[in-house]
Amino acid sequence: MTDSASFAALALALADVAALSGRHDKADRLGVLFAELDDADLRRAARWAAGRVFSLSDQRTVSVGFAALLRATMAATGAEEDDLRAALVRLGDPGDVTAGAIEALVPPVESDLTIEEAEGFFEQVAETSGSTAKTALIAGMLARVTPEEARFLVKLLAGELRIGMGEGGVVSALSRLYGRKGATVRRAVMLTGDVGEAAVLARRDRLAEAHLTLFHPITFMLASPAEAKGERTLAEEVARQVPPPVAVEDKFDGIRAQAHVAADPGDEDLHGVPEAGARVALFSRTLDAIERAFPDLVRPLAAFAEAAPRGVILDGEIVPLGPQGEVVPFQALQKRLGRKTASEELQRDVPVAFVAYDVLAIDGEPTLDASFRERQALLDRFDWTGPLRRSVVAEVHDLDTLDALFDAARARGNEGLMVKALDSPYKPGRRGRDWLKIKKALATLDVVVTAVERGHGGRRKLLSDFTFAVRASESDGTLLNVGKAYSGLTDAELAALTEWFEEHTLQTFAHGKVRTVEPEVVVEVAFDNVQVSKRHKSGYALRFPRIVRLREDKPAAEIDTLATVAALAGDA
DNA sequence: ATCCTCGCTTC
DNA sequence: TTCGGAC
DNA sequence: GTCCGAAGAAGCGAGGAT
């Protein structure tokens, strides 16, 4: 009935890939597996190796959390919860925990699971609602497979494959196996939005057939960060990457979105919602359809179908507005985030605008290969009023004006600046030097570490995650937490600190995963913003906190106070 | 009916 | 989003 | 340069617990 290969062979290949270290070695090992599979299995294996259990356009999710996976493992093996939790702390990966438990507690089985059946199993898990039912289903499967198969079933379910490949690795495997150019394979992935589809096209030498389709999202072009560094000024740093003249526009702090609009072809299978004779779709960065949450944008966008009946795809940002139509901080948007719909009341409470800054297709024709300058001209065709705005682009010859432009952008309520190469094409899914995002670091804070947590995966041996605090005031030394961070220190520094924290632990929680420590280690933290918080005792939290350096020279009695944090938040 | 935890997405 | 690390 | 993995705060919503 089916020629689907055994799931055991896939598990073996993934284990090999995980164990190999070189990028090429990993890609070639994956290629050996790909070569043995038929088209249907190739499609599945390519998606899974890239960390996607379903294709991007599929709205279903199978992701199951640690807790449910541990319960399923308990049911399948009879293991004790405490033992499994302890093993999870030790091994850091639920797949390894499950494999270990089966190995130790369950008599060996003969497994004949195929890749096709594994996919059917994932679909069943996705369609089952309720964690109890999901857990029972997973437990049933775990009882009939080998430890190695269970390891990868669980990893895939948890969405934590971590074989060091990702989509880029699969592209490289395909390009090496079938002798296609990496860029060609990558382009097919961008346009189809599905590595599995691209894999089959690569095998058949039909990559050229991948094309951009209205109401099918494509991955967004991304920007690289740029800032003044050491001796180099901002102007010098930017000039190094994009030679002037450059395009400069505000960097908007909202939700990245791709709008698809066309006269309604009446095809029910298309994404998007019908609205006044037009069809409108909005996609988020993960290519999820979000138009239902923004009816206040869908209505006006539908009017664009008159100017471009055969369709247009716009790239832009959804930003929150204040009562006067001015741009307000991102935090206001949180209330509209992750919602399925938006009530009239919410639309009034937190109004939004869509600020368009690029065109990916117009009149049904892709414009990706047109220059940035040419694409900008195409935006002239539309009427930018109400909640539909257009980013103002300046052509800048003298980069020394960047600092002034930056301050002006901030004064308009925006995050900073974008600098773009005028002659660059739109590169879907790429983070290149054609687009630069300019930010400026705020002042830093000196804080003391009050608690530490064990890391995951490669960091599971380190106490890598710090909770830190400021003093209540100059006279009151009470410590108030303001956030957590790990990022910024090297593994070597973390290793040394781990030892110190272990020797100066006050209390441990959660099987040794979390521990409070003597408040002695002072670190300097940087961040992008200070926001009001319910989570931390100080009442504030830092946005994107990262550790700049250890302040071994500074005693805990001299760290910053709550007043400093409040001032940075704008609460004088 | 209400509360809480988890999973997930946004940045 | 951020960062460090590996190649 | 580029990719990958390990991390942060906030809020929504589904489901299970009370």
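In what follows, every heavy atom counts, from backbone to side chain, and hydrogens, waters and symmetry copies are set aside. This is a predicted model, so every value here is computed, not measured. Every chain is numbered from 1, with letters handed out A, B, ... down the list of sequences.
Side-chain proximity of Thr286(A) to the nucleotides dA10(D), dC11(B), dT9(B) is greatest for dT9(B). Of all nucleotides listed (dA7(D), dA9(D), dC3(D)), dA9(D) comes nearest to the side chain of Ala541(A). The side chain of Ile255(A) approaches dC11(B) more closely than any other nucleotide in the set dG5(D), dG1(D), dC11(B).
Rounded to an integer number of Å, the gap from CG of Asn529(A) to P of dG8(D) is 19 Å. For the pair Lys26(A) NZ and dC3(D) C1', the computed distance is 12 Å after rounding to whole Å. Here the C1' atom of nucleotide dT10(B) and the CG atom of Leu287(A) are 14 Å apart, to the nearest Å. Note: CG (Leu445(A)) to P (dG8(D)) measures 18 Å, nearest angstrom. The distance from atom CZ of Arg546(A) to atom C1' of dC11(B) is 13 Å, rounded to the nearest whole Å. What separates CZ of Phe294(A) from P of dT9(B) is a distance of 15 Å, to the nearest Å.
Side chain of Ser224(A) to main chain of Leu436(A): no donor-acceptor pair is present (N/O by atom type, distance under 3.5 Å, no hydrogens or angles).
Contact annotation for Leu542(A): backbone-only contact, meaning every heavy-atom pair under 4.0 Å involves sugar-phosphate atoms and none involves a base. Using a 4.0 Å heavy-atom cutoff across all strands shown, Phe330(A) reaches sugar-phosphate atoms only and no base atom. Contact annotation for Arg430(A): backbone-only contact, meaning every heavy-atom pair under 4.0 Å involves sugar-phosphate atoms and none involves a base. Residue Ser224(A) is classed as having no contact, given no heavy-atom separation below 4.0 Å to the nucleic acid. Here His536(A) lies in heavy-atom contact (under 4.0 Å) with sugar-phosphate atoms only.
Side-chain contact annotation: Thr450(A) with Asn481(A), donor-acceptor N/O pair under 3.5 Å present.
Comparing Asp528(A) and Asp491(A) against DNA chain C, the residue whose closest nucleotide sits nearer the 5' end is Asp528(A). Residues His24(A) and Lys251(A) both approach DNA chain C. Their nearest nucleotides, taken by heavy-atom distance, put Lys251(A) toward the 5′ side.
Within the structure, ring pair (Phe, Tyr, Trp, His ring centres under 6.0 Å) contacts touching residues 431-450 of chain A (residues at least two apart or in different chains) are Tyr426(A)-Trp435(A). Listed by first then second residue, pairs satisfying side-chain hydrogen bond (donor to acceptor under 3.5 Å, both in side chains) with a partner in residues 333-357 of chain A read Arg256(A)-Tyr357(A), Asp296(A)-Arg336(A), Glu317(A)-Tyr357(A), not counting sequence neighbours.
Of the side-chain N and O atoms in Ser284(A), none sit less than 4.0 angstrom from OP1 or OP2 of dT9(B).
More than 12 heavy atoms of other residues, nucleotides or ligands lie within 6.0 Å of CD in Glu326(A), so this atom counts as buried by the packing criterion.
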Under the side-chain contact (heavy atoms from CB on, under 4.5 Å) criterion, do Lys439(A) and Glu415(A) qualify, and how do the steps go? CA-CA 7 Å; Lys439(A) 292 188 175 189; Glu415(A) 199 182 3; 3.3 Å; yes
Mind running side-chain contact (heavy atoms from CB on, under 4.5 Å) on Asn414(A) and Asp253(A) for me, showing each step along the way? CA-CA 6 Å; Asn414(A) 293 321; Asp253(A) 193 6; over 6 Å; no
Going through the distances and angles, do Arg180(A) and Ser175(A) end up as a side-chain hydrogen bond (donor to acceptor under 3.5 Å, both in side chains)? CA-CA 5 Å; Arg180(A) 319 283 178 229; Ser175(A) 108; over 6 Å; no
Which nucleotides of nucleotides 11-18 of chain D have their base under 4.0 Å from a protein heavy atom (B), which only their sugar-phosphate (S), and which neither (-), written as one string 5' to 3'? SSSSSS--
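Spacing between dT1(C) and dC8(B) at atom C1', rounded to whole Å, works out to 16 Å.
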Could you go through residues 490-502 of chain A and list every donor-acceptor pair under 3.5 Å that involves a side-chain atom there, pairing it with any protein atom two or more places apart or in another chain?
from, atom 1, to, atom 2, distance (Å)
Thr490(A), OG1, Glu493(A), N, 3.3
Thr490(A), OG1, Glu493(A), OE1, 3.2
Asp491(A), OD1, Arg459(A), NH2, 2.4
Glu493(A), OE1, Thr490(A), N, 3.0
Thr498(A), OG1, Leu463(A), N, 3.1
Thr498(A), OG1, Leu494(A), O, 2.8

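You can see that DNA chain C meets the heavy atoms of chain A within a 4.0 Å-exclusive cut from dT1(C) to dC7(C), reading 5' to 3'.
Every residue two or more places apart in sequence or in another chain that forms a side chain to side chain contact (heavy atoms under 4.5 Å, CB included) with Phe372(A) is listed here: Ala247(A), Glu249(A), Asp358(A), Arg375(A), Gln376(A), Val393(A), Lys420(A), Leu422(A), Ser424(A).
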